[in-house]
Amino acid sequence: GSELSGWALGRWTYEGFDLNHNFADLNTDLWDAEDLQLVPHQFPNHYIPIPEAYTFPNATVAPETRAVISWMQRYPFVLSANLHGGELVVTYPFDMTRTYWKAQELTPTADDAVFRWLATVYATSNLVMVDDERRMCHYEDFMQEGNIINGANWHTVPG
């Protein structure tokens, strides 16, 4: 989404959808399964089903969310991207803290090294991100961390 529209509208669309809580919380399902040692044999970590409440024809989910869900069901994928309209930073999974009450927490995945590598390759290849003269968007200078950060360690985005 647009950083400018975020400032103007907050995290709500004109239709009243909460952009931060529009997607199902799949992280907690995976973490619970890991705690119970069900991953990967009884609970495969490469495919977590989308909760039925999001796929019902009468679900009150934004059209954009329904379109992404429909696409994901037709074309399963593992890698995704989250584009930020303001800060020049690459975030990598997870985007939600594991500890419910924390706003920020390093929350690495089992394949954290792969995601850090992918994030670093992108951040070091992006000419705007590596420009020492670029301006900061708000107050955080992500250049100190190579312009990458674990999403949950920056700020949590549930779902």
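Excluded from the calculations below are hydrogen atoms, water molecules and symmetry mates; all remaining heavy atoms, backbone and side chain alike, are included. All of these numbers come straight from a predicted model, not from anything done at the bench.
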**Study point:** L118 vs Y92, side chain to side chain contact (heavy atoms under 4.5 Å, CB included): CA-CA, chis, key distance, verdict
**Key:** CA-CA 9 Å; L118 287 169; Y92 53 92; over 6 Å; no
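- Atom CD of E105 sits about 3.5 Å away from atom OG1 of T99, to the nearest 0.5 Å.
- Scanning for salt bridge (Lys or Arg N to Asp or Glu O under 4.0 Å) contacts around R98 gives E34, D35, with sequence neighbours left out.
- Remark: V121 engages W117, S125 in a side-chain contact (heavy atoms from CB on, under 4.5 Å) (not counting sequence neighbours).
- One N or O on the side chain of T109 and one on the backbone of D112 form a donor-acceptor pair closer than 3.5 Å.
- Across every non-hydrogen atom of M129 and A123, the tightest pair is CB-O, 3.7 Å.
- Shortest non-hydrogen contact noted between N147 and V130 is ND2-N, 4.5 Å.
- Checking side-chain atoms of N150 against main-chain N and O of P93 turns up a donor-acceptor pair under 3.5 Å.
- Just one residue in the list W154, W31, F115 forms a ring-ring contact (aromatic ring centres under 6.0 Å, His included) with F94, and that residue is W31.
- We find the CD-CD1 distance between Q104 and I149 to be 7.5 Å, quoted to the nearest 0.5 Å.
- Side chains of F142 and I148 form no contact here, defined as non-hydrogen atoms less than 4.5 Å apart.
- D32 contributes atom CG, which lies 9.5 Å from atom CG of L38 (distance to the nearest 0.5 angstrom).
- The two residues M143 and D131 have their closest heavy-atom pair at CE-O, 3.8 Å.
- Residue L127 places its CG atom among 12 or fewer non-hydrogen atoms of other residues, nucleotides or ligands, all under 6.0 Å distant.
- Proximity of a side-chain donor or acceptor of T120 to a complementary backbone N or O of R116 within less than 3.5 Å is detected.
- Taking both residues in full, the closest heavy atoms of V90 and A119 are given as CG1-CB, 3.5 Å, listed atom of the first, atom of the second, then distance.
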